[in-house]
Amino acid sequence: MRRIMIQRDLCMGCLNCGLACMAEHNEKGKSIYDLDLEDLKNESRNHIGLDKERRPVPIFCRHCDEPECVYTCMSGAMTKDNETGKVAYDENKCASCFMCVMACSYGVLKPDDVGKKVVVKCDMCMDREMPRCVENCPTGCLYIEGGNQA
């Protein structure tokens, strides 16, 4: 199973990973120049928080071996591919109950900022060999661990 790993001591909180994520999932284009940063629909699927010492803490979906988000999802919107190990989200099946958000032990999942109707979750840039956040991390704090499956 491939996972985005974090070497936290290298993170400087530059938010390049979030910007790269927003650009990758932007419907208007794949360039950061196409981003409308005031458009709340264009949310990053990863987060940078701060710990109690005010140091940056990157937070990404762990695609858990035993994902509580999948087990608590009553509508079938959250699923796990047993072959790749990826946890996927289908917003068309989502009932907006947010049980998955409450069940996530890493605090990664969140409701969208606009309508509070869908879940914002890292998909590891499923159409790419390497997630764009990892490619765009200037310090190398993000890296991929695991098999070669995309």
Side-chain angles (χ1 to χ4, degrees), residues 1-73 77-80 84-91 94 96-147 149-150:
M1 168 64 205
R2 291 179 66 193
R3 288 193 173 106
I4 297 172
M5 302 301 291
I6 303 159
Q7 195 168 344
R8 210 176 132 195
D9 59 325
L10 294 178
C11 181
M12 61 183 178
C14 68
L15 304 178
N16 274 5
C17 56
L19 192 59
C21 179
M22 291 167 67
E24 179 62 25
H25 295 90
N26 185 20
E27 294 174 0
K28 297 174 187 164
K30 300 290 183 184
S31 167
I32 60 169
Y33 300 107
D34 296 322
L35 285 175
D36 176 1
L37 297 178
E38 293 181 4
D39 183 357
L40 292 176
K41 292 180 188 172
N42 186 31
E43 293 182 55
S44 175
R45 286 149 172 79
N46 54 49
H47 317 288
I48 303 293
L50 295 174
D51 67 11
K52 63 183 176 183
E53 279 109 35
R54 311 280 303 154
R55 292 176 301 181
V57 180
I59 304 170
F60 291 80
C61 182
R62 303 290 305 144
H63 296 272
C64 301
D65 292 331
E66 295 185 24
E68 291 297 322
C69 60
V70 172
Y71 302 146
T72 59
C73 180
M78 288 285 187
T79 57
K80 180 173 180 171
T84 66
K86 287 186 181 176
V87 175
Y89 169 69
D90 181 349
E91 74 177 70
C94 185
S96 302
C97 68
F98 301 122
M99 290 299 294
C100 58
V101 173
M102 292 182 274
C104 178
S105 47
Y106 292 99
V108 174
L109 305 178
K110 69 178 194 110
D112 69 292
D113 286 337
V114 177
K116 305 286 188 223
K117 294 186 179 182
V118 296
V119 174
V120 178
K121 181 199 161 309
C122 173
D123 62 3
M124 289 188 63
C125 298
M126 293 222 186
D127 297 335
R128 299 174 58 87
E129 187 173 322
M130 180 68 63
R132 195 149 178 203
C133 58
V134 175
E135 278 182 3
N136 286 278
C137 179
T139 64
C141 85
L142 301 179
Y143 62 96
I144 294 292
E145 179 180 272
Q149 299 169 354

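Nothing fancy with the numbering, it's 1 onward along the sequence.
With rounding to the nearest 0.5 angstrom, the CD1 atom of Ile6 is 9.0 Å from the OH atom of Tyr143. Between Ile48 atom CD1 and Cys14 atom SG the span is 7.5 Å, to the nearest 0.5 Å. Remark: Met22 CE to Glu43 CD distance equals 8.5 Å, nearest 0.5 Å. Annotation: the span from Ser105 atom OG to Arg62 atom CZ amounts to 10.0 Å, rounded to 0.5 Å. Put simply, NE2 on His47 and NZ on Lys110 are 6.0 Å apart, with the number rounded to the nearest 0.5 Å. The CG atom of Leu109 sits 11.5 Å away from atom CD1 of Ile59, with the distance rounded to the nearest 0.5 Å.
Side-chain atoms of Thr139 come within 3.5 Å of backbone atoms of Leu10 as a donor-acceptor pair (strictly under, hydrogens ignored).
Residues Pro138 and Met12 come closest through the heavy atom pair CG-CE, 3.9 Å. Looking at every heavy atom in both residues, Cys64 comes nearest to Pro67 through O-CD, 3.4 Å. Closest heavy-atom contact between Ser44 and Gly18: OG-CA, 3.2 Å. Across all non-hydrogen atoms, the minimal contact from Val108 to Cys61 is CG1-N, 3.5 Å. When all heavy atoms are compared, the tightest approach of Arg132 to Asn136 is O-ND2, 2.8 Å. Contact record, Cys137 with Leu142: SG-N, 3.7 Å, taken as the closest heavy-atom pair.
Considering only heavy atoms from C-beta on, Tyr89 stays 4.5 Å or farther from Cys69 through its side chain. Looking at Thr79 and Asp90, their side chains never come closer than 4.5 Å, going by heavy atoms from C-beta outward. Within the 4.5 Å cutoff, side-chain heavy atoms of Phe60 are placed close to those of Cys17.
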All N/O donor-acceptor pairs, side-chain side in residues 115-125, below 3.5 Å, sequence neighbours left out:
residue, atom, partner, partner atom, Å
Lys121, NZ, Val87, O, 2.7
Asp123, OD1, His25, NE2, 3.1
Asp123, OD1, Cys125, N, 2.8
Asp123, OD2, His25, NE2, 3.3

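Under the rule for a side-chain hydrogen bond (donor to acceptor under 3.5 Å, both in side chains), the partners of Glu53 that lie at least two apart in sequence or sit in another chain are Arg55.
The local environment of OH in Tyr71 is crowded, with over 12 non-hydrogen atoms from other residues, nucleotides or ligands closer than 6.0 Å.
Sorted by first and then second residue, the side-chain hydrogen bond (donor to acceptor under 3.5 Å, both in side chains) pairs with a member in residues 3-19 read Arg3-Asp65, Arg8-Asp51; sequence neighbours excluded.
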